[in-house]
Amino acid sequence: MSTGLDPAVRDLLDQAAPAPVPDRPPTAVELRAAFAAVRPKPGPAAAVASVTDHWVPGPGGVLRVRVYLPEADGPVPAFVWIHGGGWTIGSIDENEVASRAVCAAASVAVVAVEYRLAPEDPYPAAPSDCYAVLEWLAAGGAGPAVSPSRLAVGGESAGGNLSTVVSLMSRDRGGPPIAAQVLICPVFGHPDDGHASYVDFATGYGMTADAMRFFFAQYAPAGSDDPYVLPSRSRDLSGLPPALVLTAEYDVLRDEGEAFARQLAEAGVAVDVHRYEGQIHGFYGLYTDLPASARSHAEVAAYLKGIFA
């Protein structure tokens with residue numbers, strides 16, 4: 001039984017300035033500027049051996065990729081990290097605390113991808129970019145410190161969606177083997193799919209139902225049932241990598257994340273599911289001062305250590 005919002009989450013929501021009522025829907029550019037203005041400043045971050053930006057050839061131009069390396073002897077596995085933001089906002093800069101924490105605790109290279117954003121570059125730009133980075137890693141592009149044959153993918157929100165889409169693409173194309181997928185508050189269906197969490201938590205908990213509808217309008221054609229847009233529409237999820245799925249109790253995306261975890265399990269995929277009680281969307285990578293945030297980083301690190309043991 002739920003004990004309600006975490007007091008730290010309640011304080012966070014109470015301190016947030018009320019959003020002004022716009023006279024028209026925002027543009028993506030305006031939304032990015034607003035997000036940058038209110039995005040929490042990163043807190044203390046774990047020490048790692050190095051942080052290096054690389055420039056990787058992508059299908060639409062050069063992509064910025066940030067590689068966090070741990071203190072380690074010999075090549076380490078790579079964890080491709082795909083940021084959230086509804087495919088429309090966000091960047092590799094916003095998950096610095098989480099990326100460093102997982103890098104240090106799991107002794108993996110965290111490889112953060114700066115993919116193209118909608119609406120300037122709608123679907124399929126984002127998954128195509130992320131898949132190109134996966135292939136770059138598998139070809140040894142990150143150098144001798146990173147193992148090209150031990151790869152996992154993960155992301156938060158839209159990044160969770162893209163992690164599963166990249167896994168589907170790699171399976172379908174005979175691409176680089178992926179050892180695991182880490183899916184945090186992920187998007188797998190459409191806002192109009194009828195999940196109760198879209199009603200129960202539509203407003204007042206950070207991420208809103210209307211915001212998700214806005215993001216879909218930027219990213220993909222209305223009515224799309226392409227499983228590379230909506231993985232829940234896939235008729236065959238067999239052969240996908242094992243998955244860790246973390247959801248937040250007070251999140252519009254909660255029910256679809258947990259429903260998709262059941263779909264994966266029914267397809268024979270090993271799945272670990274953990275609902276973070278009392279938490280809201282963004283508890284993992286955005287609101288890193290929340291006590292649950294550090295716990296989630298430790299859970300992801302432990303999962304990856306187990307996968308690559």
Side-chain angles (χ1 to χ4, degrees), residues 19 22 24-40 42 53-67 80-96 98-99 110-137 153-169 183-191 206-222 224 226-231 252-253 281-282 284-287:
R24 58 171 175 77
T27 66
V29 172
E30 290 168 342
L31 198 62
R32 289 173 199 146
F35 176 70
V38 302
R39 185 176 65 196
D53 281 1
H54 297 255
W55 300 97
V56 177
V62 177
L63 304 169
R64 183 166 66 129
V65 174
R66 182 167 294 166
V67 178
V80 179
W81 177 254
I82 307 173
H83 70 79
W87 312 278
T88 304
I89 62 176
S91 74
I92 59 177
D93 296 319
E94 72 191 45
N95 296 144
E96 183 82 4
S99 294
V110 175
V111 181
V113 184
E114 188 99 302
Y115 54 89
R116 287 172 290 167
L117 299 176
E120 296 88 347
D121 293 290
Y123 174 82
S128 298
D129 288 351
C130 296
Y131 189 77
V133 172
L134 184 75
E135 290 189 309
W136 173 77
L137 281 169
V153 297
E156 187 171 25
S157 193
N161 168 283
L162 292 169
S163 298
T164 292
V165 170
V166 166
S167 299
L168 284 166
M169 294 169 72
L183 313 170
I184 300 167
C185 297
V187 186
F188 290 129
H190 190 272
M207 173 64 74
T208 68
D210 283 346
M212 284 306 306
R213 291 187 175 91
F214 172 85
F215 291 139
F216 268 99
Q218 310 308 302
Y219 178 60
S224 174
D226 185 339
Y228 288 177
V229 175
L230 303 175
V252 293
L253 300 176
H281 194 84
Y284 176 87
L286 189 60
Y287 305 120

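In this chain, residues are counted from 1 in sequence order.
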Closest heavy-atom pair and its distance - [X], [Y]:
{"X": "Pro119", "Y": "Ala28", "result": "CD-CB, 3.3 Å"}
{"X": "Ser163", "Y": "Gly155", "result": "OG-N, 3.2 Å"}
{"X": "His83", "Y": "Ile92", "result": "CD2-N, 3.9 Å"}
{"X": "Trp81", "Y": "Glu156", "result": "CH2-N, 3.6 Å"}
{"X": "Gly60", "Y": "Arg116", "result": "CA-NH1, 3.5 Å"}
{"X": "Val252", "Y": "Ala209", "result": "CG1-N, 4.0 Å"}

Between Glu120 and Arg32, is the closest basic N to carboxylate O distance under 4.0 Å? yes

Ion pair Arg64/Asp93, N-O distance below 4.0 Å: yes

Given side chains that start at C-beta, do those of [X] and [Y] come closer than 4.5 Å, heavy atoms only?
{"X": "Phe216", "Y": "Val187", "result": "yes"}
{"X": "Val67", "Y": "Val110", "result": "no"}
{"X": "Val165", "Y": "Tyr131", "result": "no"}
{"X": "Val111", "Y": "Val133", "result": "yes"}
{"X": "Val229", "Y": "Ser224", "result": "yes"}
{"X": "Pro122", "Y": "Gln218", "result": "no"}
{"X": "Leu117", "Y": "Tyr219", "result": "no"}
{"X": "Phe188", "Y": "Thr164", "result": "yes"}

Give the intermediate values and the outcome of side-chain contact (heavy atoms from CB on, under 4.5 Å) for residues Arg66 and Asp53. CA-CA 4 Å; Arg66 182 167 294 166; Asp53 281 1; 2.7 Å; yes

Atom pair [atom1] ([X]) and [atom2] ([Y]), whose distance is rounded to the nearest 0.5 Å:
{"X": "Leu134", "Y": "Ser167", "atom1": "CG", "atom2": "OG", "value": "8.5 Å"}
{"X": "Leu162", "Y": "Ile82", "atom1": "CG", "atom2": "CD1", "value": "5.5 Å"}
{"X": "Asp226", "Y": "Leu168", "atom1": "CG", "atom2": "CG", "value": "10.0 Å"}
{"X": "Ser128", "Y": "Met169", "atom1": "OG", "atom2": "CE", "value": "5.0 Å"}
{"X": "Met212", "Y": "His281", "atom1": "CE", "atom2": "NE2", "value": "7.0 Å"}

Does the side-chain contact (heavy atoms from CB on, under 4.5 Å) test come out yes or no for Phe215 and Met207, once each step is laid out? CA-CA 11 Å; Phe215 291 139; Met207 173 64 74; 4.1 Å; yes

Looking only at the side chains, is there a donor atom on one of Tyr284 and Asn95 sitting less than 3.5 Å from an acceptor on the other? no

So, do Trp87 and Tyr115 have ring centers that fall under 6.0 Å from each other? no

Using a 3.5 Å distance criterion without hydrogens, assess whether the side chain of Glu30 forms a donor-acceptor pair with backbone atoms of Thr27. yes

Which residue, Leu253, Ile184, Leu183, forms the side chain to side chain contact (heavy atoms under 4.5 Å, CB included) with Ser157? Leu253

